[in-house]
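Keep in mind the model is a prediction, meaning the values are calculated, not measured. A, B, ... follow the sequence lines: proteins, then strands. Residue 1 opens every chain.
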Number of protein chains: 2
Amino acid sequence: MTPGKRYASSTDVARLAGVSQSAVSRSFTPGASVSAETRRKVMAAADALGFRPSIIPQIMLTNRSGLVAVIVGGLRNAFYGAVLERFATRLRDAGHQVLLVPVESDYSLDTVLEELRSYRVDAIVSGLAVLSQEVADALSAFRIPIVSCNTSVTSDWVASVDSDNRGAGRVAAEWLRRCGGTRFAYLAGPEESPASRDRLDGFRAGLAALGLGEPRVVIGDYSYDGGRAAAARLFAEAPADAIFCANDLVALGAMDAIRKRLGLRIPEDVMVIGYDDIPSAAWDSYDLTTFDQDPEGLVVQALDLVREMSENGPARGRVRVVEARFIPRGSTRNPTP
Amino acid sequence: MTPGKRYASSTDVARLAGVSQSAVSRSFTPGASVSAETRRKVMAAADALGFRPSIIPQIMLTNRSGLVAVIVGGLRNAFYGAVLERFATRLRDAGHQVLLVPVESDYSLDTVLEELRSYRVDAIVSGLAVLSQEVADALSAFRIPIVSCNTSVTSDWVASVDSDNRGAGRVAAEWLRRCGGTRFAYLAGPEESPASRDRLDGFRAGLAALGLGEPRVVIGDYSYDGGRAAAARLFAEAPADAIFCANDLVALGAMDAIRKRLGLRIPEDVMVIGYDDIPSAAWDSYDLTTFDQDPEGLVVQALDLVREMSENGPARGRVRVVEARFIPRGSTRNPTP
DNA sequence: TTGAAAGCGGTACCAG
DNA sequence: CTGGTACCGCTTTCAA
């Protein structure tokens, strides 16, 4: 790569303004003691040279870069887009810069972390779940505040913000039952996803509490195509009439398979519930009953954890749970009283 | 905030290893001349201290931060998510870090740019169109390579990568005509969007070339709700049977309005064409005829422009055009021979 | 209020 | 191959 262009430095400005370099620095420091006349001269020279103080030397002095890394694992799902945008906006409003880090799995995390460390990032927020205690401990060794979403594993420097996945699973079971469901099924996400597992756990618990048996479970991959395929597999074996899906994309794929391929009606023949409340869920063609994960709350809690750890240091086992709001729509029937 | 000496320095490592600080630096520089023994001692000490060279002093020396800012204006549209993810992945593969900057309009751009400059970002990629020559010139004054998408305005340091919007508009006109369309309409994006305007220009030109009159135009906002509302307004005035939409979200909203609210059939009564080929366009419920903007090509061209400007400096008026691939699906009828 | 000088943590060049 | 030293650009003492 090319040498790198030279920027005007405070020394250049000082020379042009006929003052000391310190005076220039002070002119750009709010509340520093500079005479109005000196500041005027400095600002004039700065404008002429297009000078703006570099933040790099500051980082060297303070070890605080103002950089917060946000790790995402695929933006295909509109829900992650929404969350990412909120993170970015709020972090910038709080005076931070956002380093976007796309990764494929949590195993590449420690490699990536090495880089982030060399940039002296102040904290890391991960939309990707940390899967094992080993990884969590490895991350913790970097002594940087890390907040992960929908992870049950924590460590000294690794905290978590979870949606109330279990609670939502129970609500789904109860609602489907009240609306007349009899043959229950769960279309899961990837096997290793803690969120998908927790939603299933809650669904199971809810059914059990109602004296109902185990739901049938089909493993999928959090995608539309996966949902379509999972629904096909489900019905190839035996029909179901009350399906809870690991997320909205899966639910939408399942709905299309059920209506277009199997020729069944929703909600008359089959009821479907999703998770996330992505924009498409509300579209006329789907009108999907789902859970609003409260991305705003998720982001607020995550950033609050970051702040807390930055100020007070490590905090083993910190987990915040954000309520999921149930949104009944037309993909489920009305409850019978 | 606590500054805290969180990081071990090369001096710390040198002391522990009983060598000079220079030796530590060399041990971490590929191809530097260090004896195996010295390197071993250094690495042992570095491991013990959790040392990793900071990149900050390097930035000071070279004026190259490795940071590339990516500006996005809303991730609601899945297309932007796909583009952003590609940018991020490719930039990281090329050894850069990605600074994510969400902005509302191009007018906030120069404020944001001040910050980016203090971080010594190497280049800026913007998914947001630059709207006026004034803004382009203001941006150019920062003397940082800037590549913007779907912008017709360029300047010394501002280049652009455009989808072939006009060409696609013509293709849409021809296809709708060949499939028996008679009453043409365009559901536009925001009035100031160059991409939306170019697509309309091409659509108009295509119709004119076929000896057909002006399409009716309804202004919208690139969203699903906007598309639904626009379709309602269009039909409230008079029916249409061949509708080209500024993007897929608008098209999907229009389709739902046409089918669910107006009770018309697609494609028998009304044909619809979109733009972007977002995932939802291929879903069974829509099966939308559209144009693939070739996000991969867009990203490759944009990054190539960045590289070119970084190496050769300003390049007034550089514009790259990426072909859009037409994808006929079920929202248009079959062409009559 | 002002200027001189130290120091942050690396890289690169020097002499040995 | 090795250690000493200058240097990047800023903030922050310290003395004047």
Would you tabulate the side-chain donor-acceptor contacts of residues 23-33 of chain B under 3.5 Å, counting partners in other chains and residues two or more places apart, or write 'none'?
residue, atom, partner, partner atom, Å
B/Ser27, OG, B/Ala23, O, 2.8
B/Thr29, OG1, B/Ser25, O, 2.8

Establish whether the base of C/dG9 is bridged to the side chain of A/Arg120 by a donor-acceptor pair shorter than 3.5 Å. no
Can a donor-acceptor pair under 3.5 Å be found between the side-chain atoms of B/Ser25 and the base atoms of C/dA12? no
Find which nucleotide of DNA chain D each of A/Ala8 and B/Gly18 is nearest to by heavy atoms, and output the residue with the more 5' nucleotide. B/Gly18
Quick one: [X] [atom1] to [N] [atom2], roughly how many Å, whole number?
| X | N | atom1 | atom2 | value |
| --- | --- | --- | --- | --- |
| B/Leu61 | C/dC13 | CG | P | 11 Å |
| B/Gln21 | C/dC8 | CD | P | 12 Å |
| A/Ile56 | C/dG7 | CD1 | P | 22 Å |
| B/Arg15 | C/dG9 | CZ | C1' | 13 Å |
| B/Arg26 | C/dC13 | CZ | C1' | 10 Å |
| B/Asp12 | C/dG9 | CG | P | 8 Å |
| A/Met60 | C/dC8 | CE | P | 8 Å |

Does some side-chain heavy atom of A/Ile124 sit less than 4.5 Å from a side-chain heavy atom of A/Leu113? yes
Have A/Tyr222 and A/Ser193 got a donor and an acceptor in their side chains that come within less than 3.5 Å? yes
Will you find, in the side chains of B/Ser10 and B/Gln21, an N or O donor that is under 3.5 Å from an N or O acceptor? yes
Counted 5' to 3', the first and last nucleotides of DNA chain D within 4.0 Å (strictly under) of a heavy-atom of chain B are D/dC1 to D/dG9
Taking all heavy atoms of A/Ser160 and all of A/Asp162, pick out the closest pair and write down the distance. OG-OD1, 2.6 Å
Distance test, side-chain N/O of A/Ser33 to OP1/OP2 of C/dT1, below 4.0 Å: yes
Should B/Ser54 be listed as having a side-chain N or O under 4.0 Å from OP1 or OP2 of C/dG10? no
Regarding [X], tell me which of base, sugar-phosphate or nothing describes its non-hydrogen contacts under 4.0 Å with the strands shown.
| X | value |
| --- | --- |
| B/Phe28 | nothing |
| A/Thr29 | nothing |
| B/Ser22 | base |

Between B/Asp93 and B/Arg90 (salt bridge meaning N to carboxylate O under 4.0 Å), is one present in this structure? no
Is it true that A/Glu114 and A/Arg117 make a salt bridge, defined as a side-chain N closer than 4.0 Å to a carboxylate O? no
